[in-house]
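Here is the structure we will look at, set down as structure tokens.
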Amino acid sequence: MGIRFIEKNRSFKLDAKNTSYIIAIVDDENFLGHVYFGEKVTDDDLNYLMRIYEAPFVPSKNNRDRVPFYDSFPFEYSNHGIGDYRESAIKILDKNGHSYIKLQYKSHEIYKGKKEIKDLPSTYGNEEECTSLEINCIDSFLNIEVILIYTVFENLDVITRSVKVKNLGEDNIILEKVLSTCVTLEGVDYDMITLNGSWARERHIQRKAIGYGKQGVSSIRGESSHQHNPFIALVDKNATDDYGNVYGFNFVYSGNFIAQAEGCQFDTTRVVMGINPEDFRWILNKNEEFIAPEVVMVYSNEGTGKMTRTFHDLYRNNLIRGEYKDKKRPILINNWEATYFDFNTSKLIDIAKEASSLGIEMLVMDDGWFGKRNADNSSLGDWFINEEKISGGLKYLVDEVNKLGMDFGIWIEPEMISEESQLFKKHPDWCIQIPGRKPALCREQYVLDFSRKEIVDHIYKEIKNVISSANIKYIKWDMNRQLSDLGSYLLDKEHQGELFHRYVLGVYYMMDKLTKDFPDILLENCSGGGARFDPGMLYYSPQIWCSDDTDAIERLKIQEGTSMVYPLSTIGAHVSDCPNHTVGRTTPFETRGYVALAGTFGYELDVTRIPEEDRKMIPKQVEMYHKYNDLIRRGDYYRLENYSENNEFDAWQVVSKEKDEVLVTCIQVLGRPNYHSRRIKLKGLEKSKLYKNIETEEVLSGSALMNAGINLTSLYGDFKGKIIYLKEV
Ligand code: GLA
């Protein structure tokens, strides 16, 4: 059993594969204290770690009613307004406007398996895989119940948390903050890893020392964002990819968030994660409940590499669902960088003809097929075919493409509305806006008020009509701006603060309908590239367009950061034309293929117009994809060399679960003059197994490959790449 209640010292012991997480109920006050989080321990009583009789500057043992105690006690879920001045996890306003909450243990329940979280995405697991714990806490003055929900994935180093708040009192209360996790780590000497960037350079890895005070990342943009991913890891100062304690936190949510570490006065670090309290206010009426989204916590005693592989295993097996959960994805060609808005039926068919002859399996028609859309300034919301461009209609086009042996996919952006659209003329009040003020445009578009069910239902109906009218096998769901001018026509003034969260719930509601009605369609998420690359989205779509930046060299940093948490099988990656449209760089076609191979793999170019020598390479790349994709999709990923650290060279490796197949990819960004071969040491192999390099036919043991390494010869020039494939003999 992964969770036990130990009567003797009233503690809860949560044991994952190699992780223990301990919580205790403290004496008569029934506070919940955080005892331990780290490598598995066998002991049942570590309650001394809470130091409950050591409130630092009060020399008496009898100081339990005093503020200093509250301010040093490691609350398992921090209270507000009672004298704990560190970050609170929950903040409530009562009917008189007072802001305080003091939670005390009331009861608990331990059960096998894991419950769904209503209306929200979450990880899932069966009774063999996980055990859950619900601890009911109460503020009996307010009559508010707070249920802390934990699940242990017993064969992984994963513990998930979420929180449910119930109003059992007579009066309405206002929730001003409900975070999803709060953990106390001993010491403040940690490094913090976050994934940051901007449009076209998402999720670059940043590692920096934390100390005293609050530091972290957040989003207030209505989506998880290009700027900061809802991920934070605290790692030992000397931790590496292979060594040291690592605590990773990832938020299963696609809207505003905070992820924060606070170095506190008595040398502890309080880590919190949850919905960003800024612009959040939720009215909880009598008998209502509010559920905060899930946080996934991963502990690794073997550095960041093991944390990465744990996240990958969890997301591949216990988050992603549906037909494509573990299926090879079709190699697609997307027309965005090929044509932008300038396309029609015959141009698309020309691309499809050429693409199908080269082995590409699906054509995706991107933005510009609906309403009167010929640029980004019109027609969002008018979800009907633009027959001037798509002459003969959608079904004709799809049938023609199908005749070529290819599947067909389509782009949509359901959450948006253009000022220049039939929908806006009819329903100007449907976009998010503050009545009386003109909302800010971004990419010439407004955001639809997805907190309103009738709006989501209308958009869904229109889009469903289009999808059902032809043989559509793939959808790219885009979201090309952030939210601003927060105001909803339907919500009254008390409820306006609910808009951000209600918006996200509206998006999930439509995604749920779409994936249930069309279970066979492959859904790819996208948000101006990778602004919504989060586990919330992965629950609905098994892959996400990683970035609008398709340059192979830029992608090294973007994909390396993304794969810190998210499996390679989820990373939308395409070979595009050069000079690259975003950065103007020219890289060898071969290298572009190697980099895209570490993702979903596809093309984003006009295959009828690229240089002949590039085109000739496509069948080889297609073959390579079919040969290695099972391994890449399912295997264990290892970072070998980081271009973001050394500015010269990048290498990564995927090893099959059986440890009988290995693929190493090396990208030489800058060549080094007058230098012998580079030595690369492989990782994660079986020491005693013998592996054959399929190209050179050399045979070496796992121990030699990992400890002595291999020489990587003859990469002459910048931006050069090479793959090395080894198989057990
Ligand atoms: C976003 C996407 C692109 C493309 C355009 C279309 O930027 O990330 O891939 O679909 O929108 O407008």
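Counting starts at 1 for both ligands and their atoms, following the listed order.
Here the rule is side-chain contact (heavy atoms from CB on, under 4.5 Å) with Pro542, and of Glu524, Arg329, Lys325 only Arg329 fits it. Ile472 pairs in a side-chain contact (heavy atoms from CB on, under 4.5 Å) with only one of the listed residues (Val398, Asp520, Val466), which is Val398.
The CG atom of Asp606 sits 7.0 Å away from the NZ atom of Lys347 when rounded to the nearest 0.5 Å.
Close approach to Gly529 involves these atoms of ligand 1, each under 4.0 Å from a residue heavy atom: 8 (O). With ligand atoms numbered from 1 in the order given, ligand 1 contributes 2 (C), 8 (O) to contacts under 4.0 Å with heavy atoms of Cys526. Heavy-atom contacts of Asn480 reach the following atoms of ligand 1: 1 (C), 7 (O), 11 (O), 12 (O) (cutoff under 4.0 Å).
With atom 9 (O) of ligand 1 as the reference point, the heavy atom nearest to it among Glu524, His574, Lys476 is part of Lys476. Nearest to atom 5 (C) of ligand 1 by heavy atom, out of Trp545, Phe341, Trp336, is Trp336.
In terms of protein heavy-atom proximity, atom 12 (O) of ligand 1 is nearest to Asp367 OD2, 2.6 Å. Asp366 OD1, 3.4 Å is the protein heavy atom nearest to atom 4 (C) of ligand 1. The nearest protein atom to atom 11 (O) of ligand 1, hydrogens excluded, is given as Asp478 OD2, 2.8 Å; this is a heavy-atom distance. From the protein, the heavy atom lying nearest to atom 3 (C) of ligand 1 is Asp548 OD1, 3.4 Å.
Within the 4.0 Å heavy-atom criterion, the part of Arg443 lying near ligand 1 is the side chain and not the backbone.
Counting only heavy atoms from C-beta outward, the side chains of Trp369 and Ile410 approach each other to under 4.5 Å. In this structure, Ile205 and Met564 have side chains that are in contact, with non-hydrogen atoms separated by less than 4.5 Å.
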Working note: Arg221 + Gln227, criterion side chain to side chain contact (heavy atoms under 4.5 Å, CB included); need CA distance, chi angles, decisive distance, verdict.
CA-CA 10 Å; Arg221 296 165 186 271; Gln227 287 72 15; 3.2 Å; yes
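Sparse packing is recorded around NZ of Lys473, with 12 or fewer heavy atoms of other residues, nucleotides or ligands lying under 6.0 Å away. Within a 6.0 Å radius of OH in Tyr396, other residues, nucleotides and ligands contribute 12 heavy atoms or fewer.
The closest approach between a heavy atom of Glu413 and any atom of ligand 1 is not below 4.0 Å.
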